[in-house]
There are 2 protein chains.
Amino acid sequence: MSPFSESPITSSDKIFIAIRSDIVAGVIEAGSKLSEAELSTIHGVSRAVVREAINRLENVSLVERKPNIGARVVTLTHQGLIQLYQVREALEGMAARLAAQNMSDKEIAQLNKLLANHFEEVKDGESYYQEAGDVDFHYRILLGSHNQQLISMLSNNIYHLVRMYRVQLGMAGPRVTTAFVEHKNIVQAISNRDGELAELLMRRHILYSKNNIEAKLKQN
Amino acid sequence: MSPFSESPITSSDKIFIAIRSDIVAGVIEAGSKLSEAELSTIHGVSRAVVREAINRLENVSLVERKPNIGARVVTLTHQGLIQLYQVREALEGMAARLAAQNMSDKEIAQLNKLLANHFEEVKDGESYYQEAGDVDFHYRILLGSHNQQLISMLSNNIYHLVRMYRVQLGMAGPRVTTAFVEHKNIVQAISNRDGELAELLMRRHILYSKNNIEAKLKQN
DNA sequence: TTTTACTATATTGTCGACAATCCATGCACA
DNA sequence: TGTGCATGGATTGTCGACAATATAGTAAAA
């Protein structure tokens, strides 16, 4: 059920996932250059597979490539984060609307169950699980949209970038309790099959999240 | 200014653009398999550049690849078209909202000028230019959002798929006059810096477009 | 006749080498 | 001193060959 449960098949897959993980975690730092030769010796594979991995990293917006020059990890900027959240707001808002229309009753029941589990954690002050819990929540609704295009856009492109920002700017799940209430209201709207409201609430939820992060950034 | 004015640098670029064009136009038919060997002999390049081109085609959602099996052109379905328009609605709605906030006065003036040109064409019954004109209109607003993430998502991923559907399902620009009025109202809202309204109108505009296409599909 | 196992063939994945392009260093010249 | 231009080194782009995997066809067994 987790969005990050890919099982690599080819060795390109492995290298792709390995490098992606390093980029998101900041092991390979933002803005730095990716040398094909270097990466191929590090991982013990030929340049061909590294090239393929880099291509795929480009597609998920984690690196930028220029012909004959090379690939660089994207640089994290204040503005970039804002723009990313604007896209998220639009896409996840639509996902919530569609989820209210398209989720099966069983899926909705599972969503409510997930929410109940989160409540237990919040109550006990286990904010450790918040990050993963939040991801799970959003991912579940995304799947509930039953829109393949939307699912692949968010889970392949957006989410890893969001994670990269969160990790590297040190956003360890704040807003735990307020976010929980927002989640609850969204689930309520979906349970009522009110797509209009679900979209509105989801958009606000992400907007709040963005404002919160922005405020944090300005402290630095 | 046109969204399709890329200048290929490497030979991968050329092959990528060539194959993409064949796919969108239906020369390579939807659902068919892409043989690396075949394509490399046809275009007179090595398999490596064909592989890179296919990778990039995968990233723009025009082909699907399975490890050790190969790549197939996506299949066009009724449902796929609807889902595509749902994503467009979300993204272009946000683009219109941001355009109202972020476009410079100069950009807005140019947008009004573009609209005036369209009016001349519509008045004279030149529906031939409608397709390109419509693309230009939407693309201009997209650029006006000044959101790089949004721009690359729509212009790299969505628009080519939309074109593929339009071409292969034979949607030669209907709705010319009504669409023009909708465009006009959107520009008005942007000129008034009313992001809220611009988003709403753009979403409706795309929704109408979707409904129109759906109705056409049901005739077959 | 149907099913299963195997073999042959075709296709994709990976590799190392060569070609083309870019970039930094240093030299000539104004 | 500063600008422009050659040269050398490093990096990316492209190629053909080999390895690994999937598919189709055939033959053997139930």
Side-chain angles (χ1 to χ4, degrees), chain A residues 5-23 27-75 152 156, chain B residues 5-23 27-75 152 156:
Chain A
S5 59
E6 306 139 306
S7 34
I9 306 288
T10 71
S11 70
S12 294
D13 287 330
K14 287 190 215 128
I15 306 305
F16 165 66
I17 293 177
I19 299 180
R20 185 183 65 187
S21 152
D22 283 350
I23 290 177
V27 175
I28 301 175
E29 52 186 284
S32 64
K33 186 167 191 306
L34 292 178
S35 160
E36 294 181 359
E38 188 185 348
L39 288 171
S40 67
T41 56
I42 288 179
H43 293 92
V45 292
S46 90
R47 263 185 58 218
V49 338
V50 170
R51 272 180 75 80
E52 172 145 354
I54 290 181
N55 273 328
R56 291 168 61 185
L57 288 167
E58 185 187 16
N59 307 331
V60 298
S61 317
L62 286 179
V63 317
E64 291 169 348
R65 252 185 53 172
K66 289 182 185 170
N68 285 316
I69 292 181
R72 310 194 77 89
V73 179
V74 294
T75 58
S152 92
N156 296 333
Chain B
S5 59
E6 306 141 306
S7 35
I9 306 288
T10 72
S11 71
S12 294
D13 287 330
K14 286 189 217 130
I15 307 305
F16 165 65
I17 293 177
I19 299 179
R20 184 183 65 188
S21 151
D22 283 349
I23 290 178
V27 175
I28 302 175
E29 51 187 283
S32 64
K33 186 169 190 308
L34 293 178
S35 160
E36 295 181 0
E38 188 185 346
L39 288 171
S40 67
T41 56
I42 288 180
H43 293 94
V45 293
S46 91
R47 264 185 58 219
V49 338
V50 170
R51 272 178 76 81
E52 172 144 353
I54 290 180
N55 272 328
R56 291 169 61 185
L57 288 167
E58 185 187 16
N59 307 334
V60 298
S61 316
L62 286 178
V63 318
E64 291 169 349
R65 254 185 52 173
K66 290 181 185 171
N68 286 316
I69 293 182
R72 310 194 78 89
V73 179
V74 294
T75 58
S152 94
N156 295 333

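Convention: sequence-line order gives letters A, B, ...; per-chain numbering from 1. Computed from a predicted model, the values in this text were never measured in an experiment.
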Return a single string for nucleotides 8-14 of chain D, one symbol per nucleotide in 5' to 3' order, where B is base contact, S is sugar-phosphate-only contact and - is none, cutoff 4.0 angstrom on heavy atoms. ---SBBB
Which pair of non-hydrogen atoms, one from A:A30 and one from A:T75, has the smallest distance, and what is that distance?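 Nearest pair, atom of A:A30 first, then A:T75: CB-CA, 4.4 Å.
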Nearest heavy-atom pair of B:I15 and B:H43: which atoms, and what distance?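 For B:I15 and B:H43, the tightest heavy-atom pair comes out as CD1-CB, 3.6 Å.
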Scan residues 41-61 of chain B for pairs that pass salt bridge (charged side-chain N to carboxylate O under 4.0 Å, His left out), counting only residues two or more places apart or in two chains.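 Listed once each, the pairs are A:R51-B:E52, A:E52-B:R51, A:R65-B:E52, B:D13-B:R56, B:E36-B:R47, B:E36-B:R51.
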Rounded distance (nearest 0.5 Å) linking atom CD1 of B:I54 with atom OG of B:S35: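 Reported to 0.5 Å precision, the distance equals 8.0 Å.
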Enter the distance from B:K14:NZ to B:I9:CD1 here, rounded to the nearest 0.5 Å.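 Here the interatomic distance stands at 9.5 Å.
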Between B:L39 (CG) and C:dA10 (P), how many Å, whole number?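 Checked: the CG to P distance equals 18 Å.
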